[in-house]
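Okay, so here's the structure we're looking at.
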Amino acid sequence: MNVNQQIDEVLDTATDEERDKDQLDVIVQVDTGIGEACTDLMQQAIEAVRNRRMLVDPQEIVPRVGTTFSEVKKRKRPTAKQTRMLREFASSFAAQIAQLPAQSTASQIKKHTKAAFRRLAKHSSVKAQLERLATDSLPHFLSSGAARLLLSRSELHELRDAQLTTVHRNRQLEVPPVRKINQLPVNLQNRTASTWGLEACGALAAWGAFGVKGAGVRVAVLDTGVDATHPDLAGKIATFAEFNAGGALVSTSPRDSDAHGTHVCGTVAGGNQSGQWIGVAPDAELAVGLVLDGSRGGTDAQVLAGIDWALNSAGAHVISMSLGGLDLSPFVQNTYETAILNCLLAGIPVVTAIGNDGAQTTGAPGSDLFAFAVGATDVEDIVAGFSGGRTQQLRTSSVIPPRNLPITYSKPEISAPGVAVLSCVPGGGYEVFNGTSMATPHVSGAMALLLSATNRLASVADDSRAFLVQDLLTGSVEALGESGQDHRYGFGRLDVLQAIGTARDQGF
(Lines give C-alpha, C1' and ligand atoms only; values in the text may rest on other atoms or scores of the structure.)
Protein backbone atom coordinates (compact mmCIF):
# COMPACT_ATOMS: atom_id res chain seq x y z
CA MET A 1 0.00 0.00 0.00
CA ASN A 2 1.57 3.29 -1.09
CA VAL A 3 1.33 6.60 0.78
CA ASN A 4 -1.66 7.86 -1.21
CA GLN A 5 -3.56 4.67 -0.41
CA GLN A 6 -2.57 4.96 3.25
CA ILE A 7 -3.88 8.54 3.37
CA ASP A 8 -7.10 7.44 1.68
CA GLU A 9 -7.53 4.68 4.25
CA VAL A 10 -7.12 7.11 7.16
CA LEU A 11 -9.60 9.53 5.57
CA ASP A 12 -12.12 6.80 4.74
CA THR A 13 -12.05 5.27 8.22
CA ALA A 14 -12.38 8.52 10.17
CA THR A 15 -14.83 8.26 13.05
CA ASP A 16 -17.82 10.55 13.46
CA GLU A 17 -15.99 12.31 16.31
CA GLU A 18 -12.93 12.88 14.12
CA ARG A 19 -15.13 14.24 11.34
CA ASP A 20 -16.91 16.58 13.73
CA LYS A 21 -13.64 17.89 15.17
CA ASP A 22 -11.98 17.76 11.75
CA GLN A 23 -8.81 16.47 13.39
CA LEU A 24 -6.94 13.29 12.53
CA ASP A 25 -4.16 11.90 14.73
CA VAL A 26 -1.53 10.32 12.48
CA ILE A 27 2.04 9.05 12.49
CA VAL A 28 4.00 10.03 9.39
CA GLN A 29 7.45 8.74 8.54
CA VAL A 30 10.07 10.44 6.39
CA ASP A 31 12.75 8.80 4.30
CA THR A 32 15.63 8.20 6.73
CA GLY A 33 18.00 6.91 4.06
CA ILE A 34 18.38 3.70 6.05
CA GLY A 35 17.33 1.52 3.13
CA GLU A 36 20.00 2.94 0.84
CA ALA A 37 22.64 2.95 3.59
CA CYS A 38 21.99 -0.70 4.49
CA THR A 39 21.15 -2.28 1.15
CA ASP A 40 23.87 -4.93 1.33
CA LEU A 41 23.19 -5.66 5.00
CA MET A 42 19.48 -6.11 4.32
CA GLN A 43 20.24 -8.40 1.40
CA GLN A 44 22.32 -10.64 3.67
CA ALA A 45 19.69 -10.57 6.42
CA ILE A 46 16.95 -11.57 3.99
CA GLU A 47 19.05 -14.54 2.89
CA ALA A 48 19.09 -15.70 6.51
CA VAL A 49 15.29 -15.26 6.75
CA ARG A 50 14.80 -17.40 3.66
CA ASN A 51 17.20 -20.07 4.83
CA ARG A 52 15.35 -20.41 8.15
CA ARG A 53 12.11 -21.41 6.43
CA MET A 54 13.25 -24.99 5.89
CA LEU A 55 15.42 -25.27 8.99
CA VAL A 56 14.49 -28.08 11.39
CA ASP A 57 17.42 -27.98 13.84
CA PRO A 58 17.75 -24.63 15.67
CA GLN A 59 21.38 -25.42 16.55
CA GLU A 60 22.26 -24.67 12.91
CA ILE A 61 21.46 -21.01 13.62
CA VAL A 62 24.43 -20.59 15.97
CA PRO A 63 27.51 -19.48 13.97
CA ARG A 64 30.17 -21.82 15.33
CA VAL A 65 33.12 -19.94 13.90
CA GLY A 66 35.32 -19.60 16.97
CA THR A 67 37.11 -16.27 17.15
CA THR A 68 36.21 -15.25 13.61
CA PHE A 69 33.75 -12.60 14.84
CA SER A 70 36.48 -11.07 17.01
CA GLU A 71 38.96 -11.17 14.17
CA VAL A 72 36.66 -9.27 11.84
CA LYS A 73 35.44 -6.68 14.35
CA LYS A 74 36.80 -3.81 12.26
CA ARG A 75 35.71 -5.64 9.08
CA LYS A 76 37.23 -3.58 6.31
CA ARG A 77 37.28 -6.72 4.23
CA PRO A 78 36.87 -10.21 5.73
CA THR A 79 39.39 -12.68 4.39
CA ALA A 80 38.36 -15.40 1.96
CA LYS A 81 38.78 -17.99 4.73
CA GLN A 82 36.59 -16.02 7.13
CA THR A 83 33.93 -15.58 4.47
CA ARG A 84 33.92 -19.31 3.71
CA MET A 85 33.44 -20.10 7.40
CA LEU A 86 30.62 -17.61 7.80
CA ARG A 87 28.78 -18.77 4.68
CA GLU A 88 28.39 -22.24 6.19
CA PHE A 89 25.86 -20.77 8.64
CA ALA A 90 23.26 -19.65 6.15
CA SER A 91 20.49 -19.37 8.79
CA SER A 92 22.49 -17.07 11.09
CA PHE A 93 21.76 -13.36 10.80
CA ALA A 94 25.09 -12.54 12.43
CA ALA A 95 27.16 -14.80 10.18
CA GLN A 96 25.53 -13.44 7.03
CA ILE A 97 26.05 -9.80 8.06
CA ALA A 98 29.64 -10.39 9.20
CA GLN A 99 30.60 -11.18 5.60
CA LEU A 100 30.23 -7.48 4.79
CA PRO A 101 32.42 -4.52 5.68
CA ALA A 102 31.25 -3.05 9.00
CA GLN A 103 28.31 -0.66 8.64
CA SER A 104 29.28 2.84 9.79
CA THR A 105 25.91 4.27 8.86
CA ALA A 106 24.55 5.87 12.05
CA SER A 107 25.77 9.40 11.32
CA GLN A 108 24.73 9.11 7.68
CA ILE A 109 21.21 7.99 8.63
CA LYS A 110 20.83 10.75 11.25
CA LYS A 111 21.98 13.42 8.81
CA HIS A 112 19.58 12.19 6.14
CA THR A 113 16.69 11.97 8.62
CA LYS A 114 17.22 15.45 10.04
CA ALA A 115 17.26 16.91 6.53
CA ALA A 116 14.00 15.10 5.72
CA PHE A 117 12.36 16.51 8.86
CA ARG A 118 13.46 20.03 7.93
CA ARG A 119 11.79 19.60 4.53
CA LEU A 120 8.64 18.23 6.13
CA ALA A 121 8.41 21.18 8.54
CA LYS A 122 8.19 23.50 5.50
CA HIS A 123 5.15 21.74 4.03
CA SER A 124 2.01 23.85 4.23
CA SER A 125 0.00 21.26 6.17
CA VAL A 126 2.74 20.82 8.76
CA LYS A 127 3.35 24.57 9.02
CA ALA A 128 -0.33 24.97 9.85
CA GLN A 129 0.02 22.56 12.76
CA LEU A 130 3.18 24.27 14.02
CA GLU A 131 1.36 27.61 13.94
CA ARG A 132 -1.47 26.12 16.00
CA LEU A 133 1.11 24.85 18.50
CA ALA A 134 2.96 28.19 18.44
CA THR A 135 6.29 26.49 17.77
CA ASP A 136 8.90 26.43 15.02
CA SER A 137 10.11 22.93 15.89
CA LEU A 138 8.46 19.78 14.59
CA PRO A 139 8.33 17.14 17.37
CA HIS A 140 9.78 13.93 15.97
CA PHE A 141 11.46 10.63 16.81
CA LEU A 142 14.83 10.37 15.13
CA SER A 143 15.29 6.59 15.36
CA SER A 144 12.08 5.85 13.45
CA GLY A 145 11.96 8.91 11.21
CA ALA A 146 8.45 9.46 12.59
CA ALA A 147 6.42 12.46 13.68
CA ARG A 148 2.96 12.69 15.19
CA LEU A 149 0.66 15.16 13.43
CA LEU A 150 -2.83 16.44 14.26
CA LEU A 151 -4.27 17.47 10.91
CA SER A 152 -7.57 18.47 9.41
CA ARG A 153 -8.94 16.28 6.63
CA SER A 154 -7.89 18.79 3.98
CA GLU A 155 -4.39 19.13 5.48
CA LEU A 156 -3.94 15.37 5.45
CA HIS A 157 -5.18 15.21 1.86
CA GLU A 158 -2.59 17.85 0.86
CA LEU A 159 0.18 15.85 2.53
CA ARG A 160 0.34 13.52 -0.50
CA ASP A 161 3.24 15.49 -2.01
CA ALA A 162 5.33 15.61 1.20
CA GLN A 163 7.84 12.86 0.27
CA LEU A 164 6.74 10.52 3.06
CA THR A 165 7.31 6.79 3.27
CA THR A 166 4.28 5.90 5.44
CA VAL A 167 1.18 7.47 6.94
CA HIS A 168 -0.75 5.58 9.62
CA ARG A 169 -3.12 6.32 12.44
CA ASN A 170 -1.54 7.00 15.82
CA ARG A 171 -3.04 3.76 17.09
CA GLN A 172 -4.32 3.33 20.61
CA LEU A 173 -2.58 0.56 22.55
CA GLU A 174 -4.09 -0.92 25.69
CA VAL A 175 -2.17 -2.36 28.61
CA PRO A 176 -1.85 -6.02 27.55
CA PRO A 177 -4.47 -8.21 29.21
CA VAL A 178 -3.02 -10.57 31.80
CA ARG A 179 -4.72 -13.18 33.93
CA LYS A 180 -4.18 -12.78 37.66
CA ILE A 181 -3.98 -16.08 39.56
CA ASN A 182 -4.95 -15.91 43.21
CA GLN A 183 -3.06 -19.06 44.16
CA LEU A 184 -0.15 -20.88 42.56
CA PRO A 185 -0.94 -24.30 41.10
CA VAL A 186 -0.24 -27.14 43.54
CA ASN A 187 2.76 -28.39 41.57
CA LEU A 188 4.46 -25.00 42.00
CA GLN A 189 3.76 -24.33 45.67
CA ASN A 190 6.79 -26.30 46.88
CA ARG A 191 9.21 -24.21 44.79
CA THR A 192 10.37 -21.69 47.34
CA ALA A 193 13.95 -20.83 46.31
CA SER A 194 12.93 -19.13 43.07
CA THR A 195 10.06 -18.82 40.64
CA TRP A 196 9.65 -21.83 38.39
CA GLY A 197 10.46 -19.73 35.34
CA LEU A 198 14.01 -18.95 36.51
CA GLU A 199 14.69 -22.65 36.88
CA ALA A 200 13.01 -23.61 33.59
CA CYS A 201 14.88 -21.08 31.45
CA GLY A 202 18.26 -22.00 32.94
CA ALA A 203 18.86 -18.76 34.82
CA LEU A 204 19.54 -20.37 38.20
CA ALA A 205 21.98 -22.84 36.66
CA ALA A 206 23.70 -20.04 34.73
CA TRP A 207 24.26 -18.05 37.94
CA GLY A 208 26.03 -21.04 39.47
CA ALA A 209 27.88 -22.25 36.39
CA PHE A 210 29.21 -18.89 35.23
CA GLY A 211 28.97 -16.64 38.29
CA VAL A 212 26.97 -13.93 36.50
CA LYS A 213 23.67 -12.21 37.26
CA GLY A 214 23.58 -9.41 34.69
CA ALA A 215 26.00 -6.91 36.23
CA GLY A 216 27.06 -4.12 33.88
CA VAL A 217 24.04 -4.52 31.58
CA ARG A 218 21.11 -2.11 31.35
CA VAL A 219 17.70 -3.29 30.14
CA ALA A 220 15.18 -0.69 28.95
CA VAL A 221 11.64 -1.72 29.89
CA LEU A 222 8.96 0.18 27.95
CA ASP A 223 5.71 -0.42 29.78
CA THR A 224 3.34 1.17 32.33
CA GLY A 225 6.20 2.42 34.49
CA VAL A 226 7.62 1.04 37.73
CA ASP A 227 7.36 1.28 41.49
CA ALA A 228 11.01 2.16 42.12
CA THR A 229 10.54 1.80 45.87
CA HIS A 230 9.60 -1.88 45.76
CA PRO A 231 12.15 -3.82 47.88
CA ASP A 232 13.00 -6.10 44.96
CA LEU A 233 13.72 -3.16 42.64
CA ALA A 234 15.08 -0.49 44.97
CA GLY A 235 18.34 0.98 43.65
CA LYS A 236 18.00 -0.76 40.28
CA ILE A 237 16.19 1.96 38.31
CA ALA A 238 19.03 3.81 36.60
CA THR A 239 16.79 6.23 34.69
CA PHE A 240 13.08 6.83 34.07
CA ALA A 241 11.06 8.73 31.49
CA GLU A 242 7.31 9.21 31.06
CA PHE A 243 5.82 10.10 27.67
CA ASN A 244 2.35 11.41 26.81
CA ALA A 245 0.07 10.36 23.94
CA GLY A 246 1.93 12.64 21.55
CA GLY A 247 5.31 11.20 22.48
CA ALA A 248 6.46 14.21 24.51
CA LEU A 249 8.56 13.71 27.66
CA VAL A 250 6.44 14.83 30.64
CA SER A 251 8.21 13.44 33.72
CA THR A 252 11.34 11.73 34.99
CA SER A 253 9.88 10.80 38.39
CA PRO A 254 9.27 7.04 38.56
CA ARG A 255 5.71 5.79 38.96
CA ASP A 256 3.66 2.85 37.76
CA SER A 257 0.27 3.61 36.21
CA ASP A 258 -0.64 -0.07 36.51
CA ALA A 259 0.84 -3.20 38.11
CA HIS A 260 1.99 -4.48 34.72
CA GLY A 261 5.27 -2.57 34.43
CA THR A 262 6.50 -3.37 37.95
CA HIS A 263 5.69 -7.06 37.41
CA VAL A 264 7.69 -7.09 34.17
CA CYS A 265 10.62 -5.25 35.76
CA GLY A 266 10.66 -7.77 38.59
CA THR A 267 11.02 -10.67 36.16
CA VAL A 268 13.92 -8.94 34.42
CA ALA A 269 15.92 -7.87 37.48
CA GLY A 270 14.04 -8.45 40.73
CA GLY A 271 15.86 -9.81 43.76
CA ASN A 272 14.81 -12.14 46.57
CA GLN A 273 13.49 -9.78 49.22
CA SER A 274 10.47 -12.05 49.60
CA GLY A 275 12.75 -15.02 50.23
CA GLN A 276 12.25 -16.19 46.64
CA TRP A 277 14.30 -15.10 43.61
CA ILE A 278 12.04 -13.54 40.97
CA GLY A 279 14.40 -11.86 38.45
CA VAL A 280 16.40 -13.56 35.69
CA ALA A 281 19.22 -10.99 35.92
CA PRO A 282 19.05 -9.52 39.46
CA ASP A 283 22.30 -7.54 39.10
CA ALA A 284 21.19 -5.77 35.91
CA GLU A 285 20.14 -2.12 35.81
CA LEU A 286 16.77 -0.93 34.49
CA ALA A 287 15.90 2.04 32.33
CA VAL A 288 12.12 2.33 32.52
CA GLY A 289 9.97 4.20 30.03
CA LEU A 290 6.29 4.82 30.81
CA VAL A 291 4.61 4.48 27.40
CA LEU A 292 1.30 2.95 28.54
CA ASP A 293 -0.67 5.09 30.99
CA GLY A 294 -2.86 2.70 32.94
CA SER A 295 -6.49 2.55 31.86
CA ARG A 296 -5.84 5.23 29.24
CA GLY A 297 -3.36 2.95 27.52
CA GLY A 298 -0.82 4.35 25.10
CA THR A 299 -0.21 5.17 21.47
CA ASP A 300 2.23 4.35 18.71
CA ALA A 301 3.75 7.79 19.30
CA GLN A 302 4.44 6.97 22.95
CA VAL A 303 6.11 3.67 22.07
CA LEU A 304 8.18 5.25 19.28
CA ALA A 305 9.26 7.97 21.71
CA GLY A 306 10.22 5.30 24.23
CA ILE A 307 12.33 3.41 21.70
CA ASP A 308 14.00 6.67 20.70
CA TRP A 309 14.80 7.43 24.33
CA ALA A 310 16.09 3.92 25.04
CA LEU A 311 18.38 4.02 22.01
CA ASN A 312 19.69 7.57 22.24
CA SER A 313 19.46 8.63 25.89
CA ALA A 314 18.94 5.77 28.32
CA GLY A 315 22.15 3.81 27.74
CA ALA A 316 20.26 0.58 27.10
CA HIS A 317 21.93 -2.66 25.98
CA VAL A 318 18.59 -4.47 25.55
CA ILE A 319 15.06 -3.14 24.94
CA SER A 320 12.08 -5.08 26.36
CA MET A 321 8.50 -4.36 25.29
CA SER A 322 5.65 -6.39 26.77
CA LEU A 323 3.08 -4.48 24.74
CA GLY A 324 1.46 -4.33 21.35
CA GLY A 325 -1.60 -3.61 19.27
CA LEU A 326 -3.57 -6.56 17.86
CA ASP A 327 -3.07 -7.20 14.14
CA LEU A 328 -5.93 -9.11 12.54
CA SER A 329 -4.16 -9.14 9.20
CA PRO A 330 -0.93 -11.01 8.42
CA PHE A 331 0.25 -7.99 6.43
CA VAL A 332 2.67 -5.97 8.54
CA GLN A 333 2.71 -2.17 8.70
CA ASN A 334 6.04 -0.36 8.68
CA THR A 335 5.54 1.74 11.82
CA TYR A 336 8.33 0.16 13.87
CA GLU A 337 10.74 -1.38 11.36
CA THR A 338 13.10 1.59 11.01
CA ALA A 339 13.36 2.13 14.77
CA ILE A 340 14.02 -1.56 15.41
CA LEU A 341 16.64 -1.76 12.67
CA ASN A 342 18.40 1.34 14.03
CA CYS A 343 18.53 -0.38 17.44
CA LEU A 344 20.00 -3.52 15.88
CA LEU A 345 22.63 -1.52 13.99
CA ALA A 346 23.65 -0.04 17.35
CA GLY A 347 23.96 -3.54 18.84
CA ILE A 348 20.73 -3.38 20.88
CA PRO A 349 18.27 -6.29 20.52
CA VAL A 350 14.56 -5.50 20.80
CA VAL A 351 12.51 -8.15 22.65
CA THR A 352 8.73 -8.04 22.20
CA ALA A 353 5.64 -9.96 23.31
CA ILE A 354 3.84 -11.76 20.49
CA GLY A 355 0.40 -11.08 22.00
CA ASN A 356 -2.31 -12.77 24.06
CA ASP A 357 -5.05 -13.36 21.50
CA GLY A 358 -4.23 -16.97 20.69
CA ALA A 359 -3.13 -18.91 17.66
CA GLN A 360 -3.02 -17.15 14.29
CA THR A 361 -2.89 -13.66 15.81
CA THR A 362 -0.01 -11.29 16.52
CA GLY A 363 0.52 -7.78 17.77
CA ALA A 364 2.73 -4.94 16.55
CA PRO A 365 5.63 -4.45 17.13
CA GLY A 366 6.04 -8.19 17.83
CA SER A 367 4.97 -8.93 14.26
CA ASP A 368 7.85 -6.87 12.82
CA LEU A 369 10.40 -8.87 10.84
CA PHE A 370 13.37 -7.94 13.04
CA ALA A 371 11.62 -7.83 16.43
CA PHE A 372 12.62 -10.74 18.67
CA ALA A 373 9.12 -11.98 19.48
CA VAL A 374 8.31 -14.24 22.42
CA GLY A 375 5.49 -16.71 23.09
CA ALA A 376 4.45 -18.18 26.46
CA THR A 377 4.81 -21.68 27.93
CA ASP A 378 3.73 -23.27 31.22
CA VAL A 379 5.58 -25.34 33.82
CA GLU A 380 5.06 -28.50 31.74
CA ASP A 381 6.61 -26.83 28.65
CA ILE A 382 3.20 -26.70 26.98
CA VAL A 383 2.46 -23.57 25.00
CA ALA A 384 -0.26 -21.39 26.49
CA GLY A 385 -3.56 -21.28 24.60
CA PHE A 386 -3.54 -17.48 24.70
CA SER A 387 -0.06 -17.21 23.16
CA GLY A 388 -0.05 -15.72 19.66
CA GLY A 389 1.88 -16.51 16.50
CA ARG A 390 1.39 -17.02 12.76
CA THR A 391 2.87 -16.52 9.31
CA GLN A 392 3.39 -12.85 8.47
CA GLN A 393 3.96 -11.10 5.16
CA LEU A 394 5.79 -7.85 4.53
CA ARG A 395 4.68 -6.33 1.22
CA THR A 396 6.21 -2.85 1.47
CA SER A 397 9.23 -1.68 3.42
CA SER A 398 11.33 1.40 4.06
CA VAL A 399 14.46 -0.65 4.73
CA ILE A 400 14.33 -3.75 2.51
CA PRO A 401 15.19 -3.56 -1.20
CA PRO A 402 12.04 -3.87 -3.37
CA ARG A 403 13.50 -6.85 -5.22
CA ASN A 404 13.25 -8.83 -1.96
CA LEU A 405 9.55 -8.10 -1.44
CA PRO A 406 7.16 -9.55 -0.48
CA ILE A 407 8.75 -11.51 2.38
CA THR A 408 6.96 -14.30 4.22
CA TYR A 409 8.16 -15.26 7.70
CA SER A 410 6.96 -16.90 10.92
CA LYS A 411 6.46 -15.58 14.45
CA PRO A 412 7.39 -15.92 17.30
CA GLU A 413 11.15 -16.55 17.42
CA ILE A 414 11.16 -18.40 20.75
CA SER A 415 8.97 -19.03 23.79
CA ALA A 416 9.58 -18.64 27.52
CA PRO A 417 7.77 -19.12 30.86
CA GLY A 418 4.59 -17.04 30.76
CA VAL A 419 2.03 -18.96 32.85
CA ALA A 420 1.71 -18.61 36.63
CA VAL A 421 4.63 -16.19 36.83
CA LEU A 422 5.24 -14.67 40.28
CA SER A 423 6.74 -11.18 40.41
CA CYS A 424 6.51 -7.91 42.28
CA VAL A 425 3.72 -5.31 42.06
CA PRO A 426 3.42 -1.73 43.34
CA GLY A 427 3.18 -1.24 47.08
CA GLY A 428 5.67 -3.92 48.05
CA GLY A 429 3.51 -6.88 47.12
CA TYR A 430 3.73 -9.89 44.82
CA GLU A 431 1.23 -11.37 42.38
CA VAL A 432 1.01 -14.22 39.88
CA PHE A 433 0.13 -13.39 36.25
CA ASN A 434 -0.32 -15.21 32.95
CA GLY A 435 0.66 -13.56 29.66
CA THR A 436 3.21 -13.27 26.89
CA SER A 437 4.02 -10.06 28.76
CA MET A 438 5.46 -12.32 31.47
CA ALA A 439 7.42 -14.44 28.98
CA THR A 440 9.10 -11.44 27.34
CA PRO A 441 11.10 -10.26 30.41
CA HIS A 442 12.45 -13.80 30.88
CA VAL A 443 14.07 -13.39 27.46
CA SER A 444 15.30 -9.81 27.95
CA GLY A 445 16.69 -10.84 31.33
CA ALA A 446 18.39 -13.81 29.65
CA MET A 447 20.01 -11.42 27.19
CA ALA A 448 21.35 -9.43 30.13
CA LEU A 449 22.86 -12.64 31.57
CA LEU A 450 24.38 -13.55 28.22
CA LEU A 451 25.90 -10.09 27.76
CA SER A 452 27.30 -10.01 31.29
CA ALA A 453 28.76 -13.50 30.87
CA THR A 454 30.56 -12.46 27.68
CA ASN A 455 31.65 -8.92 28.60
CA ARG A 456 28.76 -7.60 26.49
CA LEU A 457 30.23 -9.40 23.47
CA ALA A 458 32.57 -6.42 23.18
CA SER A 459 34.68 -8.14 20.54
CA VAL A 460 31.80 -8.11 18.04
CA ALA A 461 31.09 -5.20 15.69
CA ASP A 462 28.00 -3.16 16.64
CA ASP A 463 26.02 -4.09 13.54
CA SER A 464 26.43 -7.82 14.29
CA ARG A 465 26.19 -7.91 18.09
CA ALA A 466 22.41 -7.81 18.54
CA PHE A 467 21.91 -10.31 15.73
CA LEU A 468 24.49 -12.60 17.36
CA VAL A 469 22.76 -12.36 20.75
CA GLN A 470 19.48 -13.35 19.08
CA ASP A 471 21.16 -16.17 17.15
CA LEU A 472 22.74 -17.55 20.33
CA LEU A 473 19.42 -17.62 22.20
CA THR A 474 17.46 -18.98 19.24
CA GLY A 475 20.02 -21.67 18.48
CA SER A 476 20.21 -22.83 22.10
CA VAL A 477 16.52 -23.38 22.82
CA GLU A 478 14.92 -26.56 24.11
CA ALA A 479 13.32 -27.57 20.80
CA LEU A 480 9.58 -28.15 21.27
CA GLY A 481 6.56 -28.47 19.02
CA GLU A 482 7.08 -29.02 15.32
CA SER A 483 10.54 -29.47 13.84
CA GLY A 484 11.98 -26.04 13.17
CA GLN A 485 10.05 -22.83 13.74
CA ASP A 486 6.31 -23.05 14.33
CA HIS A 487 3.59 -20.58 15.29
CA ARG A 488 3.34 -21.75 18.88
CA TYR A 489 6.82 -22.28 20.33
CA GLY A 490 8.89 -20.49 17.70
CA PHE A 491 12.05 -22.59 17.55
CA GLY A 492 11.58 -23.71 21.16
CA ARG A 493 11.74 -22.70 24.82
CA LEU A 494 14.46 -20.37 26.14
CA ASP A 495 17.60 -22.00 27.65
CA VAL A 496 20.04 -19.28 28.70
CA LEU A 497 22.45 -21.75 30.33
CA GLN A 498 23.00 -23.43 26.97
CA ALA A 499 23.28 -20.06 25.20
CA ILE A 500 26.03 -18.84 27.54
CA GLY A 501 27.85 -22.16 27.28
CA THR A 502 27.78 -21.98 23.50
CA ALA A 503 28.99 -18.37 23.52
CA ARG A 504 31.87 -19.24 25.86
CA ASP A 505 32.81 -22.22 23.66
CA GLN A 506 33.11 -19.79 20.74
CA GLY A 507 35.49 -17.57 22.67
CA PHE A 508 33.17 -14.74 23.70
With rounding to the nearest 0.5 angstrom, report the [atom1] to [atom2] distance, [X] to [Y].
X      : Y      : atom1 : atom2 : answer
Thr338 : Leu345 : OG1   : CG    : 10.5 Å
Ile34  : Thr165 : CD1   : OG1   : 11.0 Å
Thr408 : Arg53  : OG1   : CZ    : 5.5 Å
Leu405 : Gln393 : CG    : CD    : 9.5 Å
Asp223 : Ser257 : CG    : OG    : 8.0 Å
Thr252 : Leu290 : OG1   : CG    : 12.0 Å

Set of ring-ring contact (aromatic ring centres under 6.0 Å, His included) partners for [X], sequence neighbours left out:
X      : result
His140 : Phe117
Tyr430 : His230
Tyr336 : none
Phe141 : none

Does anything in residues 306-315 pair up under side chain to side chain donor-acceptor pair (under 3.5 Å), and if so which pairs, sequence neighbours excluded?
->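 Counting only pairs at least two positions apart or across chains, the side chain to side chain donor-acceptor pair (under 3.5 Å) contacts touching residues 306-315 are Ser143-Asp308, Asp308-Asn312.
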
Got a sec, which pairs hit side chain to side chain donor-acceptor pair (under 3.5 Å) with one end in residues 194-204, sequence neighbours left out?
-> Arg191-Glu199

So does [Y] get a backbone contact from the side chain of [X], meaning a donor-acceptor N/O pair under 3.5 Å?
X      : Y      : answer
Lys236 : Pro282 : yes
Arg504 : Ala453 : yes
Asp471 : Ala94  : yes
His317 : Arg218 : yes
Arg395 : Phe331 : no
Ser387 : Ala376 : yes
Asn455 : Leu457 : no
Arg52  : Ile61  : no
Thr262 : Asp227 : yes
Asp25  : Asn170 : no

Just grab all the salt bridge (charged side-chain N to carboxylate O under 4.0 Å, His left out) pairs involving [range], residues at least two apart or on different chains.
range            : result
residues 438-454 : none
residues 338-364 : none
residues 381-393 : Asp381-Arg493
residues 431-445 : Lys180-Glu431

With a 6.0 Å cut-off (strictly less than), is the heavy-atom count around [atom1] of [X], excluding the residue itself, greater than 12?
X      : atom1 : value
Glu174 : CD    : no
Gln172 : CD    : yes
Arg296 : CZ    : no

Does any pair with a residue in residues 470-490 pass ring pair (Phe, Tyr, Trp, His ring centres under 6.0 Å), and if so which ones, sequence neighbours excluded?
->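 For residues 470-490, and leaving out neighbouring residues, there are no ring pair (Phe, Tyr, Trp, His ring centres under 6.0 Å) pairs at all.
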
Mind jotting down which residue pairs meet the ring pair (Phe, Tyr, Trp, His ring centres under 6.0 Å) criterion with at least one end in residues 354-398? Sequence neighbours excluded, please.
->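 Residue pairs passing ring pair (Phe, Tyr, Trp, His ring centres under 6.0 Å), neighbours aside: none found.
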
Can you give me the closest heavy-atom contact between [X] and [Y], atom names plus distance?
X      : Y      : value
Phe240 : Gly225 : CE1-CA, 4.0 Å
Leu449 : Ser452 : O-OG, 2.9 Å
Leu150 : Arg148 : CD2-NH2, 3.7 Å
Gly445 : Val280 : C-CG1, 3.6 Å
His263 : Met438 : ND1-CE, 3.7 Å
Thr391 : Pro330 : O-CB, 3.6 Å

So [Y] and [X], do their side chains get closer than 4.5 Å, heavy atoms only?
X      : Y      : result
Leu480 : Ile382 : no
Pro365 : Leu323 : yes
Leu173 : Val303 : yes
Thr299 : Ile27  : no
Glu337 : Leu369 : no
Val288 : Pro254 : no
His260 : Leu292 : no
Thr436 : Val374 : no

Determine, stepwise, if the pair Thr13 / Arg169 fulfils side-chain contact (heavy atoms from CB on, under 4.5 Å).
-> CA-CA 10 Å; Thr13 58; Arg169 285 186 173 279; 3.4 Å; yes

Cut-off 3.5 Å, side chains only: do [X] and [Y] have a donor facing an acceptor?
X      : Y      : result
Gln29  : Ser398 : no
Ser476 : Asp495 : no
Asn334 : Thr396 : yes
Thr362 : Ser367 : no

Kindly indicate, with the supporting measurements, whether the criterion side-chain contact (heavy atoms from CB on, under 4.5 Å) is fulfilled by Thr440 and Val264.
-> CA-CA 8 Å; Thr440 301; Val264 168; over 6 Å; no

Can Leu304 and Thr335 be said to form a side-chain contact (heavy atoms from CB on, under 4.5 Å), step by step?
-> CA-CA 9 Å; Leu304 289 170; Thr335 309; 4.2 Å; yes

Evaluate the criterion side-chain contact (heavy atoms from CB on, under 4.5 Å) for residue pair Gln333 and Thr166; output intermediate values, then yes/no.
-> CA-CA 9 Å; Gln333 292 185 356; Thr166 65; over 6 Å; no

